[in-house]
Engineer: 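Dropping a structure here in structure tokens format, bear with me for questions.
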Amino acid sequence: MRALALDIGDARIGIAATDAGGTVASPVKVLPAAEVLSHAASFRRILEDVEPDVLVCGRPRTLSGEDGPQARKAMEQGRAIAERAGLPVEFVDERLSSAEAKRILRAEGLSERKMRGRVDMVAASLFLQTWLDARTDDQQR
């Protein structure tokens, strides 16, 4: 099962995808939010290249685990994107994924300026990998 993950933000949306076997998540691209939300050609090309079976969207919960306004907005946008793409959608807790993505990029020697465009797609790959690992664990039980 191939999955496409979206880290939905106000300005940008980070995109990650699984390999053909559905076991490893990798960063793909960061697009302006408006392009993904409007289903622009740039986003449609990614859908055509990846051919996902499911859309996995980050759910930015508060540190206490509750859905705040940002989580509700991301879920609403994720549902709209999935419907337009004709895909089922699942949501996964993305708490701290951006902080972890920044840590990884800093360790690779990137400056704040250089990592700005990459954080969202790395964060998407981190929560997508968590989603994949949870599915694998559930299947092994």
Engineer: Answer with yes or no whether the hydrophobic clustering places Leu31 together with Ile81; edges join I, L, V, M, F, W, Y residues whose side-chain heavy atoms lie under 4.5 Å apart.
Structural biologist: yes

Engineer: Treating Thr18 as the side-chain partner and Ala3 as the backbone partner, does any N or O pair qualify as donor plus acceptor under 3.5 Å?
Structural biologist: yes

Engineer: Identify the residue among Val54, Val50, Asp19 that makes a side chain to side chain contact (heavy atoms under 4.5 Å, CB included) with Arg2.
Structural biologist: Val50

Engineer: Once rounded to the nearest 0.5 Å, what's the spacing between atom CE of Met121 and atom CG of Leu128?
Structural biologist: 14.0 Å

Engineer: Got a donor-acceptor contact below 3.5 angstrom from the Arg118 side chain to the Ala101 backbone?
Structural biologist: no

Engineer: First locate atom CZ of Arg12, then atom NZ of Lys29, and finally report the distance between them rounded to the nearest 0.5 Å.
Structural biologist: 14.5 Å

Engineer: Would you say Glu94 and Trp131 make side-chain contact, with heavy atoms under 4.5 Å?
Structural biologist: no

Engineer: Give the minimum heavy-atom separation between Gly78 and Cys57, together with the two atoms involved.
Structural biologist: CA-SG, 3.8 Å

Engineer: Would you say Leu126 ends up clustered with Leu132 if hydrophobic residues are merged whenever their side chains have heavy atoms under 4.5 Å apart, either directly or through other cluster members?
Structural biologist: no

Engineer: Looking at CD1 of Ile46 and CD of Glu51, how far apart are the two atoms once the value is rounded to the nearest 0.5 Å?
Structural biologist: 14.0 Å

Engineer: Specify the closest pair of heavy atoms between Val89 and Ala82, including all atoms of both residues, with the distance to one decimal.
Structural biologist: CB-CB, 3.6 Å

Engineer: Nearest 0.5 Å, please: how far is CE in Met1 from OG1 in Thr23?
Structural biologist: 13.5 Å

Engineer: Any chance you could lay out the side chain to side chain contact (heavy atoms under 4.5 Å, CB included) test for Asp67 and Phe91, step after step, and finish with the verdict?
Structural biologist: CA-CA 12 Å; Asp67 285 338; Phe91 295 94; over 6 Å; no

Engineer: What about Ile15 and Leu47, same hydrophobic cluster or not, with Ile/Leu/Val/Met/Phe/Trp/Tyr joined at side-chain heavy-atom distances under 4.5 Å?
Structural biologist: yes

Engineer: Using a strict cut-off of less than 4.0 Å between a Lys/Arg side-chain nitrogen and an Asp/Glu carboxylate oxygen, indicate whether Arg45 and Glu48 qualify as a salt bridge.
Structural biologist: no

Engineer: How close do Ala74 and Gly58 get, counting heavy atoms only, and between which atoms?
Structural biologist: CB-O, 4.0 Å

Engineer: Got Val122 and Met115 here, is their nearest side-chain heavy-atom distance under 4.5 Å?
Structural biologist: no

Engineer: In Å and rounded to the nearest 0.5 Å, what is the CZ to CG distance from Arg84 to Leu55?
Structural biologist: 14.0 Å

Engineer: Do Ile13 and Val30 share a hydrophobic cluster, counting only Ile, Leu, Val, Met, Phe, Trp and Tyr and linking them when any side-chain heavy atoms are less than 4.5 Å apart?
Structural biologist: no

Engineer: Give me the atom names and distance for the closest heavy-atom approach of Ser125 to Ser26.
Structural biologist: CB-C, 3.8 Å

Engineer: Which atoms form the tightest heavy-atom contact between Asp10 and Ala33, and what is the distance?
Structural biologist: O-CB, 3.5 Å

Engineer: I need the His39 NE2 to Leu37 CG distance, nearest 0.5 Å.
Structural biologist: 11.5 Å

Engineer: May I ask whether Val56 and Val28 are part of the same hydrophobic cluster, defined by side-chain heavy atoms of I, L, V, M, F, W, Y residues being less than 4.5 angstrom apart, directly or through others?
Structural biologist: no

Engineer: Looking at every non-hydrogen atom in both residues, tell me the closest pair between Phe127 and Asp93 and how far apart they are.
Structural biologist: CB-O, 4.2 Å

